[in-house]
Amino acid sequence: MTKTPFNTMIHAPNRLQICALLESTKELEFHIIKEQLDVSDSVLSKHLKILEDADYIRIIKKTEFTRQRTWLSLTSLGRKAFKSHLEELKRIVGKI
Amino acid sequence: MNNEKETINKEEAAATLKSLASFKRDATKSFRMPLLLIMLISLSYSLIIFSFGMSEHGNMWGLGVLIGGAAFFIFIAFSVYTFRLLGIKVSVFPKGKKRIINELVLAVIFGVILIAGREFRVLGFEFSPHIAALIAGGLLAYLLYKYPTGEYMTMEKKND
């Protein structure tokens, strides 16, 4: 059975948006993604856990300027997976 | 687990792409630098281009290059630091072949403007440093405003 490039894990709307945001930058803080997605902490945490378990994102917690900050970034596997999924969507639409 | 629903239909895929592009466009706006900072960065860069075009042995325009360069790097460092405080770490080096090629093309364009400004002045066109500074500063301001995350080629303009 050949592996399909359509990634159901990434395709969930919130996770797709998370990957799209992280693709544009090196790292983003948790609250930035939360603001952009307009979801609660628990909803976002759930999606991030799924992506982290798949090794698509990296979550780093640091204390900076006496404040606990949670930084998120796409792994190279995550970037590839996101890019492949976008290409698959474009292929379905007929753009490539 | 990834193969639960292997694909979607064309309309759903198109709607997804359109929604994602719209989301990214809105998100990108929040990653944009303040206009004042964009102007300061562009002006300092214009000063570099202009000063380089005007510099000769025995004149002080070399100092303009140094001042422009220092100001440029200070403003860039300030913007990177500010973004970091806000929770955004920008990519200094582009990722992906397409982005790297795009950045190289831009580097060549800016390099050509820098050299052309000076070389045309040597050939007798007195205002070439002025024009080069205007073009380079304007182009940089445009890129910083329109594409703050650097995704000027990869974002789709039309999704239909």
Side-chain angles (χ1 to χ4, degrees), chain A residues 1-38 50 53-54 60 62 64-65 67 69-74 76 79-95, chain B residues 1-33 79-100 146-160:
Chain A
M1 190 168 78
T2 54
K3 189 175 177 181
T4 174
F6 187 87
N7 193 321
T8 52
M9 191 183 300
I10 282 184
H11 189 69
N14 282 338
R15 292 198 281 272
L16 204 54
Q17 289 174 344
I18 290 168
C19 291
L21 281 173
L22 292 175
E23 197 214 9
S24 312
T25 57
K26 188 179 170 190
E27 284 181 4
L28 282 177
E29 220 185 322
F30 183 92
H31 76 89
I32 297 282
I33 297 180
K34 184 187 158 191
E35 274 163 24
Q36 293 297 328
L37 266 60
D38 194 23
I50 293 170
D53 288 343
I60 299 170
K62 290 188 225 179
E64 289 179 8
F65 306 108
R67 211 181 65 163
R69 302 180 87 173
T70 303
W71 292 97
L72 307 156
S73 59
L74 267 184
S76 48
R79 269 179 210 280
K80 272 185 208 160
F82 180 63
K83 192 181 164 192
S84 298
H85 187 66
L86 283 186
E87 282 170 2
E88 176 61 12
L89 288 175
K90 287 174 192 172
R91 190 195 64 76
I92 292 170
V93 170
K95 285 190 175 177
Chain B
M1 233 176 269
N2 284 351
N3 298 337
E4 275 175 24
K5 185 183 172 190
E6 288 193 1
T7 190
I8 52 175
N9 63 38
K10 190 176 175 178
E11 287 74 30
E12 285 172 345
T16 301
L17 285 172
K18 189 174 180 180
S19 158
L20 193 62
S22 170
F23 171 78
K24 259 192 127 170
R25 268 197 299 276
D26 291 339
T28 300
K29 285 179 191 166
S30 61
F31 296 158
R32 189 180 283 158
M33 282 184 225
S79 68
V80 169
Y81 178 70
T82 306
F83 272 127
R84 192 184 170 126
L85 285 179
L86 291 171
I88 302 166
K89 282 188 191 172
V90 293
S91 301
V92 176
F93 299 107
K95 289 187 166 72
K97 206 170 25 171
K98 225 178 186 181
R99 284 277 303 271
I100 292 172
K146 203 80 168 111
Y147 309 109
T149 59
E151 291 194 310
Y152 33 84
M153 298 297 188
T154 55
M155 270 175 71
E156 292 197 18
K157 285 178 190 173
K158 286 181 193 172
N159 296 310
D160 296 310

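Please read these numbers as outputs of a predicted model, since none were measured by experiment. Just the heavy atoms: all of them, side chains too, but no hydrogens, waters or symmetry mates, feed the values below. Per chain, numbering begins at 1; letters A, B, ... match sequence-line order.
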remark   = Scanning both residues in full, the closest heavy-atom pair of B:Arg84 with A:Arg69 reads O-NH2, 2.9 Å
key: Atom NZ of B:Lys29 with >12 non-hydrogen neighbours under 6.0 angstrom   = no
task = Determine the minimum heavy-atom distance between B:Leu20 and A:Ala20, stating which atoms define it.
result = CD1-CB, 3.8 Å
message = To check you understand the geometry: which heavy-atom pair defines the closest contact between B:Ser30 and A:Gln36, and what is its length?
response = OG-NE2, 2.8 Å
ask   = So with a 6.0 Å cut-off around CG of B:Asp26, is the heavy-atom count from everything else above 12?
value = yes
task = Under the side-chain contact (heavy atoms from CB on, under 4.5 Å) rule, collect the residues that match up with B:Ile88, sequence neighbours excluded.
result = A:Thr25, A:Leu28, A:Ile32, B:Phe31, B:Phe83, B:Val90
key: Straight-line distance of B:Leu86 CG to A:His31 NE2, nearest 0.5 Å   = 7.0 Å
key: A:Leu89 CG to B:Lys10 NZ distance, which is reported to the nearest 0.5 Å   = 13.5 Å
ask   = Checking B:Leu85 against chain A: side chain, backbone, both or neither under 4.5 Å from a heavy atom?
value = both
Intermediate values then yes/no, side chain to side chain contact (heavy atoms under 4.5 Å, CB included), B:Phe23 and A:Leu37 = CA-CA 9 Å; B:Phe23 171 78; A:Leu37 266 60; 3.7 Å; yes
message = With a 6.0 Å cut-off (strictly less than), is the heavy-atom count around NZ of B:Lys89, excluding the residue itself, greater than 12?
response = yes
query = Among all residues two or more places apart in sequence or in another chain, which pass the side-chain contact (heavy atoms from CB on, under 4.5 Å) test with A:Ser73?
reply = A:Glu27, A:Arg58
Residue A:Glu35 versus chain B: region with a heavy atom under 4.5 Å = neither
note = Highest number of heavy-atom pairs under 4.5 Å with chain B among A:Gln17, A:Glu29, A:His11 belongs to A:Gln17
